[in-house]
Amino acid sequence: MTLPPARRAALRRRLLAWYDAAARPLPWRFPQHGAEPYRVWLAEAMSQQTQVSRVIASYRRFLARLPTLESLAAAGEEEVLALWSGLGYYARARALRRAAQEALARHGGLPTTVEALRALPGFGPYTAGAVASIAFVRRVPAVDGNVTRVLSRLEAVEGAPESAGARGRVAALAGALVDPRRPGDWNQALMELGATLCVKPVPRCERCPVASLCRARAAGRERELPPARRRPPRRGLTLACALVERGGRLLLARRPARGLFGGLWGPPAAELPPGGSAEAALRGALPDGALAGLRLGAEVARVDRTLTHRDLVLVGYHCKVGRLSSHHDLRWARAKEREELGIPSAMRALLGQVELGPRDG
DNA sequence: AACACGGGGTA
DNA sequence: TACCCAGTGTT
């Protein structure tokens with residue numbers, strides 16, 4: 001349990017030296033940007049449960065359009081969701097925008113302490129620690145999945161990583177190890193090691209700067225620790241989707257703010273229970289009976305997607321609707337407009353299967 | 001504590 | 001197929 005000062009010093013020295021030499025040149029790390037807090041935050045928010053390699057393109061696109069905290073706070077939710085399109089976990093995007101507004105109103109910018117950051121929407125323990133340490137040089141840890149794996153192996157932490165005991169042990173280690181002079185670099189060095197060498201399931205110990213200090217390796221158990229997280233089985237979800245064409249445009253509906261694909265645009269969709277009627281489901285898909293007169297045509301598109309918690313099936317039906325009352329959450333969009341909207345990837349794929357007339361796009 | 005929440009890469 | 005990813009918010 002104890003972390004001797006000599007061991008702590010050796011870990012810091014070796015890992016920081018390795019990081020200085022081996023860190024990947026991520027766009028938010030380029031020196032000309034410095035540790036600009038807004039950019040650090042944006043990168044951290046996008047990286048939640050999302051591999052860094054998949055974040056880079058979205059990060060550049062987002063920053064080009066909303067380069068400052070002020071521009072983000074002033075942007076509409078629709079625009080922010082559109083810039084987030086394809087990244088998933090869209091609640092992150094809405095929280096990002098609200099946090100920008102709150103930070104500006106209450107602090108005149110991003111606050112600089114981990115406690116004040118933690119109070120903003122979308123800032124959990126990890127993101128608050130990451131931004132505080134990287135952007136504001138606060139001596140606080142930032143424990144993500146990488147750090148959990150690295151520290152679990154270094155100290156041979158037993159037990160499921162989601163258990164309270166293991167989490168507490170890792171948190172204590174992370175707090176004790178933070179380098180007081182370079183807290184942000186230290187936290188990033190731990191993450192970098194976990195992302196590039198100390199990977200699951202088979203770590204590349206031969207290149208690891210702290211392999212000789214690793215208790216899991218000493219015991220020959222580096223492949224076993226930490227144990228895999230147990231996940232509940234995925235449940236099936238079938239969504240009937242109404243593909244309604246008019247004058248080369250497709251009818252899109254904005255989804256409710258909560259739940260799957262919250263706040264994004266897509267074809268009007270409704271859960272199709274096993275053996276249920278797609279027509280009945282779609283007629284009730286929108287509030288106010290907006291689609292009460294819908295008539296179902298043939299199935300013309302289908303998409304299967306595996307999400308973390310869902311086996312998702314989208315079934316697209318060609319549909320006719322009667323007159324639509326003007327509705328805040330409805331719009332007709334041609335292909336070009338659809339490119340600019342926040343639409344989940346699965347629904348984009350479904351729309352991509354639909355052949356439209358020559359007036360489209 | 002358990003669950004909801006995207007999407008894609010990897011072995 | 002199963003697991004994981006620079007996690008957070010809700011119940």
Side-chain angles (χ1 to χ4, degrees), chain A residues 19 23-24 26 28-29 40-59 81 84-96 98-99 117-135 141-150 160-165 167 174 184-196 198-203 223 226-235 237 255-264 266 303-312 314 342-349:
Chain A
Y19 179 72
R24 295 166 295 177
L26 304 176
W28 47 93
R29 278 183 188 160
V40 171
W41 171 35
L42 179 63
E44 294 302 337
M46 285 189 165
S47 299
Q48 289 165 12
Q49 291 293 285
T50 307
Q51 298 200 325
V52 163
S53 58
R54 292 194 14 79
V55 163
I56 294 175
S58 296
Y59 171 84
L81 284 170
W84 208 269
S85 188
L87 272 178
Y89 286 153
Y90 298 96
R92 293 183 293 173
R94 290 195 301 277
L96 190 81
R98 280 187 288 121
L117 288 165
R118 185 71 179 76
L120 295 170
F123 279 84
Y126 165 74
T127 304
V131 172
S133 63
I134 298 169
V143 179
D144 71 336
N146 288 311
V147 173
T148 297
R149 186 171 53 256
V150 169
E162 66 268 27
S163 71
R167 282 213 318 271
D185 285 342
W186 169 257
N187 287 330
Q188 291 186 85
L190 276 176
M191 290 189 268
E192 190 81 3
L193 188 71
T196 61
C198 195
V199 293
K200 40 85 210 164
V202 184
R223 298 187 184 195
R229 168 146 68 131
R230 212 180 70 256
R231 290 182 194 278
R234 284 186 300 275
R235 290 180 298 139
L237 175 65
R255 299 179 57 77
R258 323 238 334 207
L260 192 67
F261 307 139
L264 274 71
V303 162
D304 290 80
R305 284 286 188 278
T306 302
L307 312 180
T308 298
H309 60 298
R310 293 286 200 183
D311 281 317
L312 180 65
L314 304 181
I343 298 175
S345 292
M347 287 183 167
R348 241 182 239 290

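Side chains included, hydrogens not; waters and symmetry mates left out as well; all remaining heavy atoms used. Keep in mind the model is a prediction, meaning the values are calculated, not measured. Naming: A, B, ... by sequence-line order, numbering from 1 per chain.
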Looking only at atom [atom1], what distance separates [N] and [M], rounded to whole Å?
N: C:dG9; M: B:dG8; atom1: C1'; result: 23 Å
N: B:dG6; M: C:dC4; atom1: C1'; result: 13 Å
N: C:dC5; M: B:dC5; atom1: C1'; result: 14 Å
N: C:dT8; M: B:dG9; atom1: P; result: 24 Å
N: B:dC3; M: C:dC3; atom1: P; result: 15 Å

Looking at every strand, decide which applies to A:L312 at a 4.0 Å heavy-atom threshold: base, sugar-phosphate, or nothing.
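If one applies the 4.0 Å heavy-atom cut-off, A:L312 turns out to touch nothing in the nucleic acid.
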Would you classify A:G262 as touching base, sugar-phosphate or nothing, given that sugar-phosphate means primed atoms plus P, OP1 and OP2, and contacts are heavy atoms under 4.0 Å?
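The answer is nothing, as A:G262 stays clear of every strand by at least 4.0 Å.
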Select from A:A164 and A:M347 the residue whose nearest nucleotide in DNA chain B is closer to the 5' end of that strand.
A:A164
Closer to the 5' end of DNA chain B via nearest nucleotide, is it A:H309 or A:R167?
A:R167
Residue list, side chain to side chain donor-acceptor pair (under 3.5 Å) with [X], at least two apart or on another chain:
X: A:S47; value: none
X: A:T50; value: A:R92
X: A:S85; value: A:R348
X: A:R24; value: A:E192

Report the residues that fulfil salt bridge (charged side-chain N to carboxylate O under 4.0 Å, His left out) with A:D304, sequence neighbours left out, ordered by chain and then residue number.
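Result, salt bridge (charged side-chain N to carboxylate O under 4.0 Å, His left out) vs A:D304: none returned.
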What string of B, S and - do you get for nucleotides 1-11 of chain C 5' to 3' if you count protein non-hydrogen atoms under 4.0 Å?
--SBBBBSSSS
Any donor and acceptor pair, going by atom type alone, linking the side chain of A:R167 with main-chain N or O of A:E162 inside 3.5 Å?
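Flag set: sc A:R167 to bb A:E162 pair under 3.5 Å.
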Which residues satisfy the side chain to side chain contact (heavy atoms under 4.5 Å, CB included) test with [X], sequence neighbours excluded?
X: A:A91; value: A:R94
X: A:S53; value: A:Q51
X: A:R231; value: A:R229, A:T308

Result block: side-chain N/O donor-acceptor pairs under 3.5 angstrom for residues 119-126 of chain A, not counting sequence neighbours:
from   : atom 1 : to    : atom 2 : distance (Å)
A:Y126 : OH     : A:E44 : OE1    : 2.5

Of the non-hydrogen atoms in A:P227 and A:P161, which two are nearest, and what is the gap between them?
O-CD, 3.4 Å
Which two nucleotides bound the region of DNA chain B that has atoms under 4.0 Å from heavy atoms of chain A, read 5' to 3'?
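Both ends considered, the range comes out as B:dA1 to B:dG8.
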Can you run through DNA chain C from 5' to 3' and write each base as (, ), [, ], | or . depending on how it pairs? Watson-Crick or G-U wobble, both distances under 3.5 Å.
|||||.|||||
